[in-house]
Structures are given as C-alpha cells and as structure tokens.
Amino acid sequence: MLSVRMRASLRGKHVSGAERIVDEENLTKTVLELLERPKSYDEINLKVERVEDVSYIDTPLKVSTLRFRNHIEAREKAIELLSYKVKESILREIIDVISTGANLKGWNMRGAILVDVESGDRLESDSNRGVRTVLLDWQDREAVKAKLLREGYTERTLDALAIATKNVFCGVEAEICWSDDEDYVTGYVASPELGYVRLDPMKKYGDPFGGRAYFVRRERLREVLECLERKALLIKGY
Ligand code: PML
C-alpha cells in the first residue's frame with residue numbers, strides 16, 4: 001500500500017495537512033484530492049511512501065460529546081476525566097502550556113507535546129516540532145465520514161478520532177487536544193478507558209492557540225514513538 005501525505009504552508013506558516021493510506025489504483029485520485037484541499041498556499045509538500053506492513057484494527061475509540069457553558073468548565077471536566085491517570089497539577093500545567101503556545105517561541109507546536117504520565121516531565125526531543133502521529137487512515141474513509149457527518153460530527157472528528165485511536169493502539173496512556181483553528185472550539189480527551197470524549201467548547205472563538213499533549217510512560221517512550229511515527233495502521237470501521 002502507499003502512504004500519501006500532503007502539507008501546505010503560506011508565508012512559512014502551516015495551513016493544511018492530510019494523510020491517506022491507499023492502494024496503487026487509487027493513488028492518482030488521492031493525490032488530486034489532497035492537492036485540492038488547501039485554499040491558499042505558497043508551498044505544497046506531497047510525499048508518497050510505500051508501506052509494506054500495515055496493521056488493522058476493527059473499530060475506533062468510542063465517541064461521546066459533552067457540552068458546557070464555556071471553555072473554563074470544559075477544561076475543568078477534562079481535568080476531572082483524566083485525573084484517574086494523571087495528577088491534577090500536571091494536567092493544569094499542560095493545559096496552560098497549550099493555551100499559551102507550546103513551542104519555544106511561545107507559538108503552537110505542529111506536533112504533540114509528550115509528557116511523562118507520572119512526573120509531568122516533557123519528553124519530546126524537539127520542543128519546536130513535537131511528535132506527529134502519522135501513517136494512519138480509515139479503510140473506507142468515505143463510508144466512515146458519511147456516518148460521522150450523519151450523526152452530527154465533523155470532518156475534524158474523522159481525522160482526530162483516527163489519530164486518537166492510533167495513539168491508544170501505540171500505547172499513549174491519555175491525550176488532550178483542541179484545535180489551533182480560531183473557529184473550531186471543540187476539543188477532546190482520549191484514553192483506552194474513556195474512549196474519545198469530545199468537549200465543547202475547549203476554548204473561546206477567535207483564540208489562535210491549540211495543540212495536543214500525549215501522556216506516555218517514560219520507560220515505553222521509544223516503542224511508543226516508533227509506533228506513532230513508523231507503524232502503518234488502518235481502521236476498518238466505525
Ligand atoms: C472533534 O470535533 O471531534 C474534535 C476535533 C479536534 C480537532 C483538532 C484539530 O484538528 O486540530
């Protein structure tokens with residue numbers, strides 16, 4: 001199979017990214033679809049890579065949604081939900097980091113922050129880039145997308161649910177995420193035990209800060225990273 005990845009930027013800022021895992025006969029169609037995604041850009045990077053060893057899982061994490069009056073209440077709920085696994089003080093600190101710009105320049109990180117689930121230590125080797133969950137897709141993307149949209153979810157859910165599902169598959173103990181898109185305020189927490197819990201809203205409209213944090217066991221760091229960045233995964237259904 002082939003992994004197809006697209007990244008687009010405008011004046012040095014990332015504006016769009018997407019990934020598919022497809023068979024050869026769907027390559028051209030997929031490349032064209034991905035090229036049409038970014039609305040404005042001055043650079044598009046397209047990478048096609050053969051993947052020999054693809055793992056399959058039957059279903060993604062279970063999805064639920066909780067709605068709140070404001071992001072303060074939603075963030076408190078995120079802390080409450082994850083506190084069975086991560087200390088409250090660590091969760092508060094990480095939420096603060098994401099909401100004020102996680103990289104060294106005080107801006108959003110492209111990838112996720114990696115956090116030791118026990119101590120709260122930051123584990124990513126490059127604190128500007130972070131860690132990216134790649135090489136993943138739905139086996140029948142269009143069918144899952146149609147079902148999610150029918151149920152009132154969004155295309156963001158489609159992509160974020162695939163990422164959160166691969167993260168759990170790879171050994172991430174817990175995750176917290178909300179978008180850096182100013183107009184997209186729904187975020188989520190995820191873990192093997194909680195599933196994928198959407199929290200709406202995790203920030204105010206117009207807020208440009210967002211990102212992801214993955215809580216991992218330090219002693220499993222190497223294998224988790226290897227899986228997140230190098231193991232191809234297809235999710236069969238929803
Ligand atoms: C959802 O609506 O299910 C939450 C999606 C979060 C997306 C985060 C992102 O795209 O940056």
Side-chain angles (χ1 to χ4, degrees), residues 5-10 13-20 34 37-39 41 59-68 70-71 73-75 77-79 81-82 94-95 97-103 107-115 124 128-138 141 144-168 172 174-191 194-215 228 235 237-238:
R5 276 146 80 178
M6 179 280 295
R7 279 186 293 126
S9 57
L10 180 64
K13 193 172 182 292
H14 171 82
V15 287
S16 175
E19 153 157 30
R20 304 282 182 269
L34 293 185
R37 277 176 76 99
K39 287 172 198 74
Y41 58 87
T59 46
L61 298 176
K62 190 169 167 304
V63 183
S64 55
T65 306
L66 300 172
R67 297 193 199 283
F68 300 88
N70 55 50
H71 69 285
E73 288 181 8
R75 289 179 187 183
K77 186 66 181 181
I79 292 169
L81 286 170
L82 292 177
I94 293 305
I95 287 176
V97 168
I98 296 176
S99 53
T100 51
N103 85 4
W107 191 235
N108 295 315
M109 240 160 50
R110 291 268 314 287
I113 306 170
L114 268 186
V115 185
E124 71 272 8
N128 266 319
R129 176 180 167 273
V131 175
R132 311 204 49 206
T133 304
V134 293
L135 297 175
L136 73 160
D137 200 359
W138 300 92
R141 193 180 177 84
V144 176
K145 179 172 152 187
K147 192 157 180 239
L148 282 168
L149 294 182
R150 258 198 321 272
E151 290 176 11
Y153 302 117
T154 69
E155 204 169 342
R156 297 268 185 151
T157 307
L158 180 72
D159 290 327
L161 178 60
I163 290 176
T165 300
K166 181 172 179 190
N167 291 345
V168 165
V172 170
E175 176 182 358
I176 183 165
C177 165
W178 67 90
S179 178
D180 59 7
D181 182 334
E182 298 182 11
D183 298 328
Y184 200 91
V185 296
T186 308
Y188 67 89
V189 295
S191 77
L194 296 169
Y196 179 90
V197 185
R198 303 171 74 233
L199 301 162
D200 181 31
M202 275 298 269
K203 68 175 188 179
K204 281 191 191 151
Y205 274 100
D207 177 351
F209 289 111
R212 296 188 145 81
Y214 299 168
F215 297 91
L228 293 176
I235 308 165
Y238 162 70

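Atoms within each ligand, like the ligands themselves, are counted from 1 in listed order.
- Summarising the geometry of Val115 relative to Ala213, their closest heavy-atom pair is CG2-CB, 4.5 Å, with the distance given to 0.1 Å.
- For the pair Glu175 and Val168, the minimum side-chain heavy-atom distance is 4.5 Å or more.
- In terms of protein heavy atoms, atom 10 (O) of ligand 1 is closest to Arg156 NH1, 3.2 Å.
- Looking only at protein heavy atoms, the nearest one to atom 4 (C) of ligand 1 is Tyr196 OH, 3.4 Å.
- Residue contacts with ligand 1: Trp178 is placed with no nitrogen or oxygen under 3.5 Å of a nitrogen or oxygen of the ligand (distance criterion only).
- In the vicinity of Thr186, heavy-atom distances shorter than 4.0 Å reach the ligand 1 atoms 2 (O), 4 (C), 6 (C).
- Of all atoms in ligand 1, listed by their number and element, those nearer than 4.0 Å to a heavy atom of Cys177 are 8 (C).
- When atom types are taken as modelled, the side chain of Trp178 and the backbone of Ser99 share no donor-acceptor pair closer than 3.5 angstrom.
- Among all non-hydrogen protein atoms, the one lying nearest atom 2 (O) of ligand 1 is Tyr184 OH, 2.5 Å.
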- Item | Step-by-step side-chain hydrogen bond (donor to acceptor under 3.5 Å, both in side chains) determination, Arg212 to Tyr188 | CA-CA 10 Å; Arg212 296 188 145 81; Tyr188 67 89; 3.2 Å; yes

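- Results of the side-chain contact (heavy atoms from CB on, under 4.5 Å) test with Lys166 over Leu135, Leu161, Leu61, Asp137 single out Leu135 as the only residue that passes.
- Looking at Asp180 next to ligand 1, no N or O pair under 3.5 Å apart turns up.
- Nearest to atom 7 (C) of ligand 1 by heavy-atom distance, out of Gly17, Ala190, Ala160, is Ala160.
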- Check the pair Leu199 / His71 against side-chain contact (heavy atoms from CB on, under 4.5 Å), numbers first and verdict last. CA-CA 9 Å; Leu199 301 162; His71 69 285; over 6 Å; no

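- With hydrogens and angles disregarded, a donor-acceptor distance shorter than 3.5 Å links the side chain of Asn70 to the backbone of Glu73.
- Distances between N or O atoms of Tyr188 and those of ligand 1 include no value under 3.5 Å.
- Per-residue contacts place Thr157 under 4.0 angstrom from the following atoms of ligand 1 (heavy atoms of the residue considered): 1 (C), 2 (O), 3 (O).
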